[in-house]
Number of protein chains: 2
Amino acid sequence: MPASSTRNLIVETADDLFYEGGFEATSFAHIAAAVGISRGNFYHHFKTKDDMLDAVIARRVKRTHAMLDGWQADGDGPRERILSFVHMLVANRAKIMAFGCPVGTLCCELAKLDHVAQDRAAEIFGLFRDWLTGQFQALGAGDRAEALALHLLVRSQGVAVMATAFRDDSFIRSEVAGIEHWLTTLPDISPSR
Amino acid sequence: MPASSTRNLIVETADDLFYEGGFEATSFAHIAAAVGISRGNFYHHFKTKDDMLDAVIARRVKRTHAMLDGWQADGDGPRERILSFVHMLVANRAKIMAFGCPVGTLCCELAKLDHVAQDRAAEIFGLFRDWLTGQFQALGAGDRAEALALHLLVRSQGVAVMATAFRDDSFIRSEVAGIEHWLTTLPDISPSR
DNA sequence: GACTAATTAGGACGCTTGTCCTAATTTTGC
DNA sequence: GCAAAATTAGGACAAGCGTCCTAATTAGTC
């Protein structure tokens, strides 16, 4: 077992707790209890709590990259790949209703805290935006590709916020159906390559 | 001057600070410094911090009601009234980019905190939903009115989140233009009366 | 003008926070 | 097997938190 497996365990646990309880409200004591190690031990792996946030964001960036690469390699067309993104909302609906979107809620919290990591967290949105832009370009959207990608992000984030506020399960499904219908209305200029 | 003007001042100040810094991160010391009164003085007006949150939410509910009533009395048609709602995004774009939507961010924070006031905060969304539903009904949308209202709330919240994350001014304008175009595509069965 | 009630100031309280320090333990390299 | 390094435990720390208490001040009533 590699020497820094404790560090990975800390980052994984902090990732979950930051998502479910928020960054500010999650204390070292909470993380220590969840991991099962001593409080003072953290400072051998991370200088400050902000360093831990950096590690969590880096982990999320890495996992997002891996997820997008996985969808890219699935062999389906761009329309199916876009649907993979949209269906995250349905697959994660229980957690979204309870805690919102991990990316959106972190960005909003860091904005209020005027935190230095604000832009680094927003870069996860940048990954989705760029990947979706690529898919819409593959659909032949040309110059409109990025605008369509941002529109899809807007609707996804809106669904997440409203689902969290109303805690309504049926709400996510109907909005996703609306997005799916919107996708079918897009002109498919060059469906393959 | 009425006896409880101090109380109103506290609620107004707390409202702003909760919006700009978040509920949890805003302490009594911050509010006391902003109002210019002693810390211990709070507890003559509010039993706990949660009581203060209740008062802030009640104030927001009241002001939202007043705003919707004002739009209702403006004498324009339902389409113009819906635009009044949409144009809030443009009018408040500076604050939205810095702190997000006051309603959406509070609901998301309270969800993560598993706070008892969660549903009361979401009721502000309920006010907008019901009012917008009325406007779409006046447009002749019939059974689809509430779905259209929720769709508009979704897009507005999505714009707010993405504008906060990317801190992009032009982004809000282009998305609002998209919403305005969407409104023109709606069938206007009964434009007047 | 005196008595009562409402309001305010200011500090004490127990607790939690992030951070830091030191000693003990485990792992690693020779 | 031993010395050096990495890792862990556990507590100390100053500061900040929400809450509470008491004394002082102000406002209102007869």
Side-chain angles (χ1 to χ4, degrees), chain A residues 1-58 106 109-110 112-118 120-121, chain B residues 1-58 106 109-110 112-118 120-121:
Chain A
M1 194 172 293
S4 61
S5 85
T6 301
R7 191 194 140 98
N8 290 336
L9 196 60
I10 292 174
V11 175
E12 287 172 24
T13 307
D15 194 342
D16 290 344
L17 293 182
F18 286 174
Y19 172 39
E20 297 176 3
F23 168 67
E24 181 100 342
T26 300
S27 72
F28 276 62
H30 295 136
I31 306 172
V35 177
I37 61 173
S38 165
R39 260 147 290 130
N41 190 2
F42 283 115
Y43 285 83
H44 190 261
H45 299 283
F46 307 97
K47 267 209 285 282
T48 76
K49 196 185 179 188
D50 287 352
D51 277 8
M52 240 174 67
L53 176 61
D54 282 345
V56 167
I57 293 177
L106 181 62
E109 181 181 359
L110 295 182
K112 281 186 199 288
L113 297 176
D114 202 17
H115 199 283
V116 285
Q118 198 175 347
R120 296 198 49 214
Chain B
M1 190 170 297
S4 63
S5 83
T6 301
R7 191 195 139 99
N8 291 336
L9 196 60
I10 292 173
V11 175
E12 289 172 22
T13 307
D15 194 342
D16 289 343
L17 293 182
F18 286 175
Y19 172 39
E20 297 176 3
F23 168 68
E24 181 100 343
T26 300
S27 72
F28 275 63
H30 294 137
I31 305 172
V35 176
I37 62 174
S38 165
R39 260 149 291 129
N41 190 4
F42 281 115
Y43 285 82
H44 189 261
H45 299 282
F46 307 97
K47 267 208 287 278
T48 76
K49 196 185 179 188
D50 287 352
D51 277 8
M52 241 176 65
L53 176 61
D54 282 344
V56 167
I57 293 176
L106 181 63
E109 181 181 359
L110 295 183
K112 280 185 199 289
L113 296 177
D114 203 17
H115 198 284
V116 285
Q118 198 175 348
R120 297 199 48 212

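Worth knowing before you read on, the calculation uses all heavy atoms, side chains too, and leaves out hydrogens, waters and symmetry mates. Chain letters run A, B, ... following the sequence lines, proteins first and then strands; every chain starts at 1.
If A/A29 and A/R39 are placed on DNA chain C by their nearest nucleotide, the residue sitting closer to the 5' end is A/A29. Place B/A25 and A/N41 on DNA chain D by their nearest nucleotides, and A/N41 ends up nearer the 5' end.
Other residues, nucleotides and ligands contribute over 12 non-hydrogen atoms within 6.0 Å of the CZ atom of B/R120.
Rounded to a whole Å, the CZ atom of B/F28 is 20 Å from the P atom of C/dA12. The CZ-P distance, from A/F46 to D/dT8, rounds to 11 Å in whole Å. When the C1' atom of D/dT8 is taken as reference, atom NE2 of A/H45 falls 8 Å away, rounded to whole Å. For B/F42 and C/dA9, the CZ to P distance is 10 Å, given to the nearest whole Å. Spacing between atom CD1 of A/I31 and atom P of C/dT19 amounts to 11 Å, rounded to whole angstrom units. Computed from coordinates, the A/L113 CG to C/dT17 P distance equals 16 Å when rounded to whole Å. Distance B/N8 CG to C/dT7 C1': 15 Å, rounded to the nearest Å. In this structure, A/R7 places its CZ atom 14 Å from C1' of D/dT7, rounding to the nearest Å.
Taking the side chain as every heavy atom from C-beta outward, A/L106 and A/F18 never approach each other to under 4.5 Å.
A/F28 and A/Y43 have parallel rings, their planes meeting at less than 30° on a 0 to 90° scale where 60° marks the start of perpendicular.
Between the side chain of A/H44 and the backbone N or O of A/N41 there is no donor-acceptor pair closer than 3.5 Å.
For B/T6 and C/dT8, the shortest distance from a side-chain N or O to OP1 or OP2 is below 4.0 Å. Listed pair B/Y43 / D/dC20 fails the phosphate criterion, with no side-chain N or O lying under 4.0 Å from OP1 or OP2. Under 4.0 angstrom from either OP1 or OP2 of C/dT17 there lies at least one side-chain N or O belonging to A/S27.
Nearest to the side chain of B/H44, among D/dA9, C/dA6, C/dT19, sits C/dA6.
A side chain to side chain contact (heavy atoms under 4.5 Å, CB included) with A/F23 holds for exactly one of A/D50, A/V56, A/L17; it is A/D50.
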